[in-house]
Asks: 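After the structure tokens below, expect a handful of questions from me.
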Number of protein chains: 2
Amino acid sequence: MKFNEFLNHLSNYEPGKDIEVIAKEYGVKEVIKLASNENPFGTPPKAIECLRQNANKAHLYPDDSMIELKSTLAQKYKVQNENIIIGAGSDQVIEFAIHAKLNSKNAFLQAGVTFAMYEIYAKQCGAKCYKTQSITHDLNEFKKLYEAHKDEIKLIFLCLPNNPLGECLDASEVTKFIKGVDEDCLVVIDAAYNEFASFKDSKKHLEPCELIKEFDNVLYLGTFSKLYGLGGLRIGYGIANANIISAFYKLRAPFNVSNLALKAAVAAINDDEFAKKTLENNFSQMELYKEFAKKYDIKIIDSYTNFITYFFDEKNSTDLSEKLLKKGIIIRNLKSYGLNAIRITIGTSYENEKFFTEFDKILR
Amino acid sequence: MKFNEFLNHLSNYEPGKDIEVIAKEYGVKEVIKLASNENPFGTPPKAIECLRQNANKAHLYPDDSMIELKSTLAQKYKVQNENIIIGAGSDQVIEFAIHAKLNSKNAFLQAGVTFAMYEIYAKQCGAKCYKTQSITHDLNEFKKLYEAHKDEIKLIFLCLPNNPLGECLDASEVTKFIKGVDEDCLVVIDAAYNEFASFKDSKKHLEPCELIKEFDNVLYLGTFSKLYGLGGLRIGYGIANANIISAFYKLRAPFNVSNLALKAAVAAINDDEFAKKTLENNFSQMELYKEFAKKYDIKIIDSYTNFITYFFDEKNSTDLSEKLLKKGIIIRNLKSYGLNAIRITIGTSYENEKFFTEFDKILR
């Protein structure tokens with residue numbers, strides 16, 4: 001059977017291995033997963049309670065107006081319901097943006113190393129990818145590339161802070177940059193980890209209501225997968241001008257998010273204690289990762305996220321990842337990003353100690 | 001801001017109203033929803049238990065290999081894991097099929113009145129829609145239309161049994177028809193309600209392993225939203241030749257189904273008692289709907305599903321739906337399908353009695 005031509009240019013995504021599968025394969029009793037930037041404290045207690053209470057409603061189709069979560073987000077961010085779209089992860093909103101703006105005749109712009117899914121989704125539309133030489137976000141280079149290919153570039157991704165590297169631009173630099181972007185070019189600000197950056201340094205804080213008031217071409221993306229501890233439920237959101245949201249709605253399948261995810265997300269937003277604990281632990285534990293790096297002369301970039309990236313010169317990241325795996329510790333090898341580096345999620349103090357102990361033995 | 005041209009031809013989907021919203025709007029205390037063909041017995045007890053036990057794992061990304069559910073389905077249907085793809089509802093697998101096969105230069109074929117999402121998703125690709133004059137599935141007409149537009153038609157939808165009408169073709173007729181279809185044309189058998197049809201009449205039973213053994217161009221779709229009582233969790237599946245599944249995988253976003261849905265689906269498949277109770281209640285209660293129809297001279301089509309469709313001559317379906325709504329009873333008005341008819345989900349005996357009592361008053 002023949003399929004649409006564009007499928008020929010797509011490759012199959014290879015899923016990572018599950019904790020249980022790895023434990024069995026390597027015969028390790030305890031597996032510590034510091035690979036997917038999940039919340040080390042688990043699911044927020046208020047969300048757990050909400051899920052347990054609503055488990056008997058799994059047969060009912062979701063409220064497709066998503067009014068409860070939209071109103072909660074609208075209040076939190078001081079925007080209107082019409083400025084919000086809910087996705088199955090903010091990933092799905094990235095897909096909407098790409099399908100709405102990109103095609104085989106235009107292009108998008110991104111940092112040298114950033115969230116891999118931008119390129120993967122954009123391939124489905126056959127759009128051209130421009131990326132900066134700099135692996136981190138360098139706005140001068142973004143500007144130069146944009147000016148050189150202005151007619152072609154219809155979408156710009158800014159990952160603030162950047163996954164998988166951890167650096168973050170100041171909010172003031174970002175707004176200055178967007179002022180130079182044509183109104184017909186959509187600027188997607190992927191703020192999946194922005195709560196972490198804002199906590200560490202208020203200059204990194206992005207306020208969606210101000211952004212969309214000033215710019216008709218900005219899309220702000222948030223997720224419940226990181227700070228809010230709901231990665232398994234697939235729920236995120238986009239905030240933008242109502243015209244953009246309305247266009248995305250045309251691409252959205254009805255009931256794109258589960259009813260339990262919608263309910264748990266509201267509970268998670270209201271679990272302030274959990275969020276506070278997560279942020280405080282993250283940056284106090286991050287210090288230990290910095291000290292460890294210093295001790296072993298491992299290069300790092302200052303991280304504004306819930307992970308840290310270790311760059312190596314002589315040692316090989318694939319080899320190191322494999323050795324850690326044998327000890328039951330899963331981290332993210334960044335070889336597929338073209339880097340000799342590993343990305344480690346900041347875990348609980350117990351998990352981090354375990355990592356330091358084992359990695360110490362490996363590096364000696 | 002301008003968007004891709006094809007968006008101009010798409011309209012925004014208007015979501016239906018939620019039970020709680022309706023109750024408030026109409027000031028009714030008790031709302032009975034017989035509109036979305038959800039399971040009247042709720043969520044399967046084994047799935048509820050599973051959801052409660054796993055509520056504290058909502059922070060972990062799903063196992064993207066989906067090995068546990070795939071193996072469970074592979075065993076149930078006697079197929080290989082490589083023949084299965086899991087979707088966020090079988091809806092998502094319909095989307096994969098459409099995006100893999102259809103484009104603005106080809107066409108698809110469907111019954112006169114059938115599941116609305118086929119046309120809605122296909123519009124995104126700009127494909128032409130051929131439909132039979134007959135509102136129900138008439139294979140002679142399907143054959144004539146297919147033969148007349150063979151070069152154009154690259155996808156055929158068969159909804160067995162048909163939603164929203166309820167009729168069902170015999171499995172033997174279906175295989176005979178598919179033999180006359182070109183191998184490059186994908187035949188999608190939407191079996192969302194097939195467990196109900198099979199229970200009522202074994203001649204309607206479709207066996208995916210036999211279908212995919214005989215035909216390289218058949219996609220069988222199943223869902224957990226109906227018999228298995230998990231409509232809120234958005235989970236369904238497609239079974240086909242490994243080449244078809246592999247093509248669909250290129251279109252699938254990673255983590256397209258939540259981890260709790262994956263786990264609950266396995267629990268639901270194993271809740272035999274719940275499934276048995278659902279099927280038995282459905283067809284014994286269906287008899288009461290038939291008697292009611294006979295009493296009021298309402299035209300029906302024999303239903304092989306968990307709903308029944310009432311056709312009216314003089315009375316107006318919109319007017320009747322509105323009157324029921326005021327009494328707190330939500331059914332599906334089929335006006336948008338071009339029919340003067342309503343579709344009623346077979347509920348519990350309590351819900352059905354309530355419907356009969358109120359509808360009796362309205363019709364008198």
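Because only heavy atoms are used, hydrogens play no part in the values below, and waters and symmetry mates are left out as well, while side chains stay in. Here is how names work: the chains are called A, B, and so on, in the same order as the sequence lines, proteins then strands, and each is numbered from 1.
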Asks: Counting distance only, does the side-chain N/O of Lys101(B) pair as donor-acceptor with the main-chain N or O of Lys2(A) below 3.5 Å?
Replies: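 Yes; at least one donor-acceptor contact below 3.5 Å.
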Asks: At a heavy-atom distance under 4.5 Å, which candidate from Asn39(A), Asn103(A), Asn217(A) has the highest pair count against chain B?
Replies: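 So the answer, after comparing Asn39(A), Asn103(A), Asn217(A), is Asn103(A).
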Asks: Could you look at Phe6(B) and say if it's the side chain, the backbone, both or neither that has a heavy atom under 4.5 Å from chain A?
Replies: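 Side chain only.
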Asks: If every non-hydrogen atom of Met117(B) is compared with every non-hydrogen atom of Pro254(A), which pair is closest and at what distance?
Replies: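 It is CE-CD, 3.4 Å.
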Asks: Does some side-chain heavy atom of Met1(B) sit less than 4.5 Å from a side-chain heavy atom of Leu186(A)?
Replies: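 Answer yes - side chains close enough.
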Asks: For Cys50(B), is it the side chain, the backbone, both or neither that has a heavy atom under 4.5 Å from a heavy atom of chain A?
Replies: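 Neither the backbone nor the side chain of Cys50(B) comes within 4.5 Å of chain A.
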Asks: Taking every non-hydrogen pair under 4.5 Å, which of Lys226(A), Glu49(A), Gln92(A), Lys123(A) racks up the most with chain B?
Replies: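 Ranked by heavy-atom pairs under 4.5 Å with chain B, first place is Lys226(A).
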Asks: Between Tyr228(A), Tyr121(A), Phe224(A), Phe3(A), which residue shows the highest count of heavy-atom pairs closer than 4.5 Å to chain B?
Replies: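 It is Phe3(A).
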Asks: Pick one of side chain, backbone, both or neither for Cys185(A), based on which atoms fall under 4.5 Å of a heavy atom in chain B.
Replies: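 Interface part for Cys185(A): backbone (N, CA, C, O).
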Asks: Less than 4.5 Å to any heavy atom of chain A: does that hold for the side chain of Glu5(B), its backbone, both, or neither?
Replies: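 Neither part.
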Asks: Main chain of Ile48(A), side chain of Asn56(B): is a donor-acceptor contact present, judged purely on distance under 3.5 Å?
Replies: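 Flag not set: sc Asn56(B) to bb Ile48(A) has no pair under 3.5 Å.
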Asks: What part of Ala88(B) gets closer than 4.5 Å to chain A, counting heavy atoms only: side chain, backbone, both or neither?
Replies: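 Contact with chain A: none, neither part.
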Asks: How long is the span from the CG atom in Asn256(B) to the CG atom in Asn256(A), to the nearest 0.5 Å?
Replies: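 So the gap between those two atoms works out to 12.5 Å.
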Asks: Nearest 0.5 Å, what's the CZ-CD distance between Arg52(B) and Gln53(A)?
Replies: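 So the gap between those two atoms works out to 9.0 Å.
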Asks: For Glu95(A), which atoms come within 4.5 Å of any heavy atom of chain B: side chain, backbone, both, or neither?
Replies: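 Contact with chain B: side chain only.
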Asks: How close do Ala58(A) and Thr43(B) get, counting heavy atoms only, and between which atoms?
Replies: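 The answer is N-OG1, 3.0 Å.
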Asks: Which answer fits Lys154(A), side chain, backbone, both or neither, if we ask what part of it has an atom under 4.5 Å from a heavy atom of chain B?
Replies: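 Looking at Lys154(A), nothing touches chain B.
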Asks: Tell me the closest heavy-atom pair linking Tyr61(B) and Arg234(A), and the distance in Å.
Replies: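 Where Tyr61(B) meets Arg234(A) most closely, the heavy atoms are CE2-NH1, 3.5 Å.
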Asks: Specify which of Leu102(B), Ile67(B), Val257(B), Asn241(B) makes the most heavy-atom pairs with chain A at under 4.5 Å.
Replies: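 Ranked by heavy-atom pairs under 4.5 Å with chain A, first place is Leu102(B).
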Asks: Please flag which part of Ala247(A) lies under 4.5 Å from any non-hydrogen atom of chain B: side chain, backbone, both or neither.
Replies: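 For Ala247(A), the contact with chain B is made by backbone and side chain together.
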Asks: Give, as side chain, backbone, both or neither, the part of Leu262(B) having an atom under 4.5 angstrom from any heavy atom of chain A.
Replies: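 Neither part.
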Asks: Return the CG to NZ distance between Leu51(A) and Lys57(B), rounded to the nearest 0.5 Å.
Replies: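 Here the rounded value is 12.5 Å.
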